[in-house]
Amino acid sequence: MNDYISENKDRFVNELLEMLRIPSVSADAKFKADVLRTAEFVQQKLTEAGANNVELVETAGNPVVYGEKIIDKNLPTVLVYGHYDVQPADPYELWNSPPFEPVIKDGNIYARGACDDKGQMYMHIKAFETMMRTNTLACNVKFMIEGEEEVGSVNLGTFIKENKEKLQGDVILISDTGMLANDTPSITTGLRGLSYVEVEVTGPNRDLHSGLYGGAVANPINILCKMIASLHDENNRITIPGFYDNVEELSQEERAEMARAPFDLDKYKKALDLTDVHGEAGYVTMERNAIRPTLDVNGIWGGYTGEGAKTVIPAQAFAKISMRLVPHQSSEEITEKFKKHFESIAPASVKVVVRPHHGGEPVVTPTDSVAYQAAAKAYEDTFGVKPVPVRSGGSIPIVAMFKSELGLDSVLMGFGLDSDAIHSPNEHFGIFNFMKGIETIPLFYKHYAEMSRKS
Ligand code: BES
Ligand code: MN
Ligand code: MN
């Protein structure tokens with residue numbers, strides 16, 4: 001098996017580069033044709049690798065690529081999930097090389113989607129090809145690769161509900177997260193949920209001269225800033241009434257267990273050029289970005305931002321705000337609480353509209369399951385050390401639905417690093433990580449089949 005992987009390494013990498021050249025940005029309608037081309041690329045590669053019944057399943061949005069290889073009804077079935085869409089590459093000028101013209105530098109592939117999630121998703125297709133060619137496929141496998149993850153997987157829920165039979169399996173396998181370091185593998189055991197809203201603050205019915213009117217009418221940008229600032233208190237806790245109501249508080253034992261994962265605060269600050277970190281009082285960095293909920297402004301605009309100065313009181317101001325949620329907060333409830341609170345703190349001098357975007361529920365995955373143990377064993381085989389369980393701060397909205405709709409737990413076998421700059425300019429993925437993924441995934445299948453038989 002390892003011979004096959006090393007003999008085909010260059011081709012595996014080149015195929016990934018080919019896929020990375022297609023700009024499958026799901027957020028922007030002008031890339032619609034490229035999104036489709038990417039789905040077809042995945043379809044073709046799955047077929048070539050030996051999957052059966054490979055199809056593009058239409059949804060109200062971008063198609064889901066489905067394929068399967070059922071070898072024996074008595075073997076467990078692994079349902080692989082991934083996404084072929086990517087984040088927008090803006091701002092382009094901050095890239096050292098164009099985002100959709102991948103280059104290899106110092107052992108890393110630089111391109112939008114290199115890690116999130118084209119690179120990691122493609123590891124599964126190449127691992128599958130390897131198992132097919134070397135006659136080592138140990139489980140049945142189904143692939144479900146979607147094209148709307150980066151815009152909230154809004155149509156995937158319907159797809160799952162309508163295809164429950166087809167998607168039946170024993171476990172969900174996903175590589176769309178990270179690990180601590182190349183010498184410290186980890187398995188993600190939790191993801192945060194998400195509430196995402198856009199707010200609009202309107203003052204006067206037109207932009208005004210800031211001398212003639214300044215001081216006498218509300219400036220929507222001033223007001224918006226004040227309202228946003230009031231959403232955190234002096235301990236950096238969120239002030240929305242009821243926001244923390246259902247938040248799961250970890251026991252001292254669980255927090256002590258978390259603290260055992262290696263983390264170097266100085267290195268963390270250095271990597272980000274920070275003099276100090278910031279966050280909720282009473283929690284350390286690793287807790288703040290994983291087990292605690294947050295509220296962040298993702299973008300804010302209004303008024304004049306062009307060259308030079310323009311003396312104006314803008315008529316409107318806007319912001320996009322995300323809240324990361326933890327068990328057992330509900331995305332819908334939090335969005336509702338935000339809306340109510342934000343509207344209630346608006347002064348009478350402005351009008352406020354809150355528009356909810358997509359959301360997703362938080363999840364925690366078990367570590368005592370056969371699937372988790374099999375994954376841990378696979379990492380140990382290829383990295384030489386046991387992986388650490390780590391809860392992540394990111395979100396993959398569909399994971400909670402796999403549990404609620406199909407009753408299936410997910411195993412989050414990520415091979416990316418925080419330093420891979422996903423969603424940022426100069427996103428990259430180590431060829432080391434790509435190849436490690438392709439080596440580790442077949443061992444998961446092997447251990448999972450063996451350990452399922454025993455249990
Ligand atoms: N793959 C990421 C999520 C992720 C990355 C989880 C690293 C854990 C570690 C995924 O593609 C993503 O970006 N999700 C979005 C949510 C979505 C609704 C836009 C996110 O977390 O912002
Ligand atoms: Mn992703
Ligand atoms: Mn992403």
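Start at 1 with the first residue, then count along the sequence.
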Pairwise distance [atom1]([X]) to [atom2]([Y]) - rounded to 0.5 angstrom:
X	Y	atom1	atom2	answer
Y122	E129	OH	CD	7.0 Å
M413	T440	CE	OG1	6.0 Å
S404	E361	OG	CD	8.5 Å
Y379	T184	OH	OG1	12.5 Å
E15	L20	CD	CG	12.0 Å
I431	D106	CD1	CG	10.5 Å

Polar contact flag, side-chain donor to acceptor under 3.5 angstrom, [X]-[Y]:
X	Y	value
N62	D85	no
T59	N155	no
E68	N53	yes
S175	H124	yes
S410	K403	no
T202	Q316	yes
E146	S153	yes

Are any non-hydrogen side-chain atoms of [X] and [Y] less than 4.5 angstrom apart?
X	Y	answer
H341	T239	yes
M19	V42	yes
I145	Q43	no
M323	L194	no
V201	F318	no
Q329	F243	yes
I172	V411	no

Return all side-chain donor-acceptor pairs below 3.5 angstrom for residues 261-277, not counting sequence neighbours, or 'none' if the list is empty.
| residue | atom | partner | partner atom | Å |
| --- | --- | --- | --- | --- |
| D264 | OD1 | D266 | N | 3.0 |
| D264 | OD1 | K267 | N | 3.1 |

Let me have the donor-acceptor pairs involving side chains of residues 299-310, under 3.5 Å, with sequence neighbours excluded, atom names and distances please.
| residue | atom | partner | partner atom | Å |
| --- | --- | --- | --- | --- |
| Y304 | OH | E307 | N | 3.3 |
| Y304 | OH | E307 | O | 2.6 |

Residue from V57, N163, I160, V80 passing side-chain contact (heavy atoms from CB on, under 4.5 Å) with M144: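 Between M144 and the candidates, side-chain contact (heavy atoms from CB on, under 4.5 Å) is satisfied uniquely by I160.
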With a 3.5 Å distance limit and no angle check, can you tell me whether [X] reaches the backbone of [Y] through a side-chain donor-acceptor pair?
X	Y	answer
N433	G416	no
R192	P362	no
D233	N235	yes

Any chance you could lay out the salt bridge (charged side-chain N to carboxylate O under 4.0 Å, His left out) test for R324 and D296, step after step, and finish with the verdict? CA-CA 8 Å; R324 296 281 170 174; D296 277 295; over 6 Å; no
Both conditions, 6.0 Å and 45 degrees, for the charged tip of [X] above the ring of [Y]: are they met here?
X	Y	answer
K436	F383	yes
R292	Y283	yes
K45	F41	yes
R112	F100	no

Mind checking ring-ring contact (aromatic ring centres under 6.0 Å, His included) for [X] and listing every partner two or more places apart, or none if nothing turns up?
X	result
Y372	none
Y66	none
H428	Y110

From CA spacing to verdict: side-chain contact (heavy atoms from CB on, under 4.5 Å), I345, S230: CA-CA 9 Å; I345 60 172; S230 79; 3.6 Å; yes
Any chance [atom1] of [X] has more than 12 other-residue heavy atoms, nucleotides or ligands included, within less than 6.0 Å?
X	atom1	value
K9	NZ	no
K351	NZ	no
N246	CG	yes
E332	CD	no

Chi angles and distances behind the side chain to side chain donor-acceptor pair (under 3.5 Å) call for R11, N14: CA-CA 5 Å; R11 178 173 59 81; N14 284 326; over 6 Å; no
Of all pairs that satisfy ring-ring contact (aromatic ring centres under 6.0 Å, His included), the ones with a partner from residues 394-413, not counting sequence neighbours: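 Listed once each, the pairs are Y81-F402.
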